[in-house]
Amino acid sequence: MNTKLLMTASAIAMGIVGILLSFMPHEILNYLNQAATSGMDVVVLQVLGGLYYAFAMLNWTAKANLIGGIYGRPIAIGNLTHFTVAAFALIKHYTVSPTTLLLVITIAYVIAALLFAFVFFSHPIRDKTTNS
């Protein structure tokens, strides 16, 4: 599997989420109909935004590397863990309060978790045209 597309797509998606959470926490809380009960609500979203942006930078810089099997294992397991845990949390929350936006996000996370599971548990195929 060519992981460059997967790494690029996850980097762009997480980068956008990271920037939005970092610089627009009040607007996001308002959109979700959640009042900021304390200043910590905003800080938690901003810290989460920093985490998403850092993961985006990790994936962006690793997109040209060989990922899968024993190659790039820390990056593969980090992404697999993130997307799997988040997918389970989103599925659980969707069963309680289903919305269209939450469904779309949940489906995206489940697909990403499955793709990173495939990458993690399979061996990468090297380009047979290179002599390395």
Side-chain angles (χ1 to χ4, degrees):
M1 173 182 199
N2 183 358
T3 58
K4 187 172 184 171
L5 179 62
L6 177 61
M7 298 298 284
T8 301
S10 66
I12 291 170
M14 283 196 259
I16 291 169
V17 171
I19 289 170
L20 291 175
L21 287 170
S22 294
F23 296 107
M24 299 177 64
H26 293 287
E27 291 81 358
I28 291 171
L29 285 171
N30 288 338
Y31 180 78
L32 297 173
N33 295 322
Q34 300 293 318
T37 57
S38 68
M40 280 304 293
D41 297 341
V42 172
V43 171
V44 168
L45 286 182
Q46 289 175 322
V47 170
L48 183 62
L51 288 168
Y52 266 92
Y53 193 75
F55 229 129
M57 293 298 99
L58 176 74
N59 286 348
W60 184 261
T61 57
K63 72 181 184 292
N65 297 342
L66 197 57
I67 307 289
I70 62 170
Y71 304 102
R73 195 165 192 81
I75 294 168
I77 200 164
N79 278 286
L80 174 60
T81 303
H82 165 75
F83 285 108
T84 302
V85 170
F88 282 128
L90 289 165
I91 290 167
K92 182 178 178 183
H93 187 68
Y94 181 78
T95 60
V96 174
S97 60
T99 65
T100 304
L101 177 63
L102 188 58
L103 178 62
V104 170
I105 294 169
T106 303
I107 289 171
Y109 264 86
V110 168
I111 291 170
L114 291 172
L115 289 172
F116 276 108
F118 178 77
V119 167
F120 182 73
F121 290 111
S122 66
H123 295 287
I125 299 171
R126 288 189 178 267
D127 185 5
K128 292 181 174 58
T129 61
T130 60
N131 294 329
S132 49

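Positions are given from 1, in the same order as the sequence printed here.
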> Do any pairs count as a side chain to side chain donor-acceptor pair (under 3.5 Å) and have a residue in residues 18-29, sequence neighbours left out, and if so which ones?
Replying inline: none
> Any ring pair (Phe, Tyr, Trp, His ring centres under 6.0 Å) pairs touching residues 33-61, not counting sequence neighbours?
Replying inline: Y52-H82, F55-H82
>> If the condition is side chain to side chain contact (heavy atoms under 4.5 Å, CB included), which residues does N65 pass it with, not counting sequence neighbours?
In response: A62, I67
> Which other residues belong to the hydrophobic cluster containing V96, where Ile, Leu, Val, Met, Phe, Trp and Tyr are joined when side-chain heavy atoms lie under 4.5 Å apart, directly or via other members?
Replying inline: none
> Can you find a pair of side-chain heavy atoms, one from I75 and one from M7, that are under 4.5 Å apart?
Replying inline: yes
> Is there a donor-acceptor pair closer than 3.5 Å between any side-chain N or O of T84 and the backbone N or O of T81?
Replying inline: no
>> Restricting to side chain to side chain contact (heavy atoms under 4.5 Å, CB included), what partner residues turn up for A87, sequence neighbours left out?
In response: Y109, V110
Please tabulate, for the side chains in residues 97-104, all donor-acceptor contacts under 3.5 angstrom to protein atoms that are two or more places apart in sequence or on a different chain.
from	atom 1	to	atom 2	distance (Å)
S97	OG	H93	NE2	3.3
T99	OG1	L102	N	3.2

> Can you list every side chain to side chain donor-acceptor pair (under 3.5 Å) pair that touches residues 7-21, not counting sequence neighbours?
Replying inline: S10-N59
>> I'd like to check the side chain to side chain contact (heavy atoms under 4.5 Å, CB included) partners of L115; sequence neighbours left out, ordered by chain and number.
In response: M1, L6, I111
> For V85, which fellow cluster members are found when Ile, Leu, Val, Met, Phe, Trp and Tyr are connected by side-chain heavy-atom distances below 4.5 angstrom, either directly or through intermediates?
Replying inline: none
> Would a 4.5 Å heavy-atom cut-off, applied to side chains only, mark H123 and Y71 as touching?
Replying inline: no
>> Could you see if F83 belongs to whatever hydrophobic cluster contains L5? Use Ile, Leu, Val, Met, Phe, Trp, Tyr and a side-chain cutoff under 4.5 Å.
In response: no
>> How close do G15 and A56 get, counting heavy atoms only, and between which atoms?
In response: N-CB, 3.3 Å
> Who pairs with T95 by side chain to side chain contact (heavy atoms under 4.5 Å, CB included), at least two apart in sequence or on another chain?
Replying inline: none
